[in-house]
Amino acid sequence: MPRTNLIERLAQRQAECARNGLLRRLRTVTAIDSTSIILDGKHLRSFASNDYLGLAAHPYLRQALIEAARDWGVGATAAHLLGGHRAAHAELEEELADWTGRERVLLYSSGFMANLGVIDALLERGESCVQDRLNHASLLDGARLAGAHLKRYPHLDMDGAARQLARSTDTPTLLASDGVFSMDGDITPLPHLARLCARQQATLLIDDAHGLGVLGPQGAGSLAAAGLDSTQVPILMATLGKALGVGGAFVAGSAELIEGLGQFSRPHIYTTAMPPALAAASLTAVRLTRHADDRRESLRQRIEQFRSGARQLGLALGDSFTPIQPLWVGAADTALAWSRALEEAGFYVPAIRPPTVPEGQARLRVALSAQHKHTEVEQLLDTLASLARRTAPVASAD
Ligand SMILES: *Cc1c(COP(=O)(O)O)cnc(C)c1O
């Protein structure tokens, strides 16, 4: 028997996706700012960005990055433990700890690496990792990397979570969940999860990639909004590339946790530290975000405007009060058709299809920003109205 050619097998998988109309398409975009892009030569209003507060192109962030690059150059030149850890990193860690109300913080180069790094450092082979079925791919992969026993529960189902925890009460267990779900925009019942974990002596990890900057006092995130401290939620992970508009990520918690991760979290140790200029820009982003109640208020108004308009049109909205507003359309090709029609009308709203979301739950993922104008959301709703008139009414996902 000849050995399977791995690249051919990959090509066959791709051909299979193409046959099912599920190929992902990479498109090169020129971003003017968070709400306006040029795609294939055409100016579009973007409803696709995670830059919820409009900080990615903020003049203070640009200035911080430029000045830091001028003073220290671009790259960190080494891993944190081998000379790559600069004053800008240290200052950013301190500011993030103060903001999130945690003792200490450890930086990672990306959120994906942070989730791999924290789960792999904590769990040993054969131990349990209980997770919401719709958790981000990096949380699921973290459990795989650790060789842990992954036990998933139905989305937001606290009885399901309790059942998974009760199945092996003597196995060390980490329960991990998105705070705000990246494709659905809904929020996990945090106080409930915290109580459950306390009762079952499981360790709780919350990934607040989409809550940080947007929710809670000073935008400190979904845990701050729920009033949960580090005894109730000992591990907080969040990213700097969404509402903060930069890139990179961090884990926040007790000094004990952070010291341990610094020693044993391989995706932190064996990688080049984030460019110090990005740490400086992130520090500026955090300071701006803490004082951005006006931006959070504009965002809240746009979310409300979009939801009430979509409801009047009879569109199938998700149960989300965050900037992530899924519009369920069901079939993958319908989602694609709507996305294309929106693009023709001047809006960029990507279709999200399996395998990113479960089969039959294809959707348009509308992401709102504090930078969207009232009239822009109105125009999007008008276009959706004409699409809805042309298409059969959409069915709700649940
Ligand atoms: C985006 C995202 C990540 C990954 O963060 P990056 O910094 O982009 O690698 C992790 N978790 C969730 C929930 C996310 O939405």
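Order of appearance sets the numbers: ligands from 1, and atoms from 1 within every ligand.
For ligand 1, the atoms lying closer than 4.0 Å to a non-hydrogen atom of F112 are 4 (C), 5 (O), 6 (P), 9 (O). Close approach of ligand 1 to S182 is summarised as follows: ligand atoms under 4.0 Å from at least one heavy atom of the residue are 15 (O). The K242 neighbourhood of ligand 1 comprises atoms 1 (C), 2 (C), 3 (C), 5 (O), 14 (C), 15 (O), with distances under 4.0 Å to a heavy atom of that residue. Listed by number with element, the atoms of ligand 1 under 4.0 angstrom from any heavy atom of H210 are 14 (C), 15 (O).
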Anything under 3.5 Å between a donor and an acceptor, one on a side chain of residues 104-113, the other on a protein residue two or more places apart or in another chain? List them.
residue	atom	partner	partner atom	Å
R104	NH1	E259	OE2	2.9
Y108	OH	S265	OG	2.7
S109	OG	T272	O	3.3
S110	OG	F112	N	3.4
S110	OG	M113	N	3.2

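Minimum heavy-atom separation, I303 to T322: CD1-C, 3.6 Å.
Close N/O approach between A209 and ligand 1 is not found [any backbone or side-chain N/O within under 3.5 Å].
Remark: minimum distance from atom 11 (N) of ligand 1 to any protein heavy atom is reached at D207 OD2, 2.5 Å. Shortest contact from atom 7 (O) of ligand 1 to any protein heavy atom: G111 N, 2.7 Å.
For the side chain to side chain contact (heavy atoms under 4.5 Å, CB included) criterion with R365, the lone passing option out of I352, T356, V357, V349 is I352.
Residues V366 and L380 have side chains in contact (heavy-atom distance under 4.5 Å, counting atoms from C-beta outward).
Cation-pi geometry between R307 and F321 is met: the NZ or CZ atom falls under 6.0 Å from the ring centre, inside 45° of the normal.
Between F181 and H155, the two ring planes are perpendicular [angle over 60°; tilted spans 30° to 60°].
In S138, the part holding a heavy atom less than 4.0 Å from any atom of ligand 1 is the side chain.
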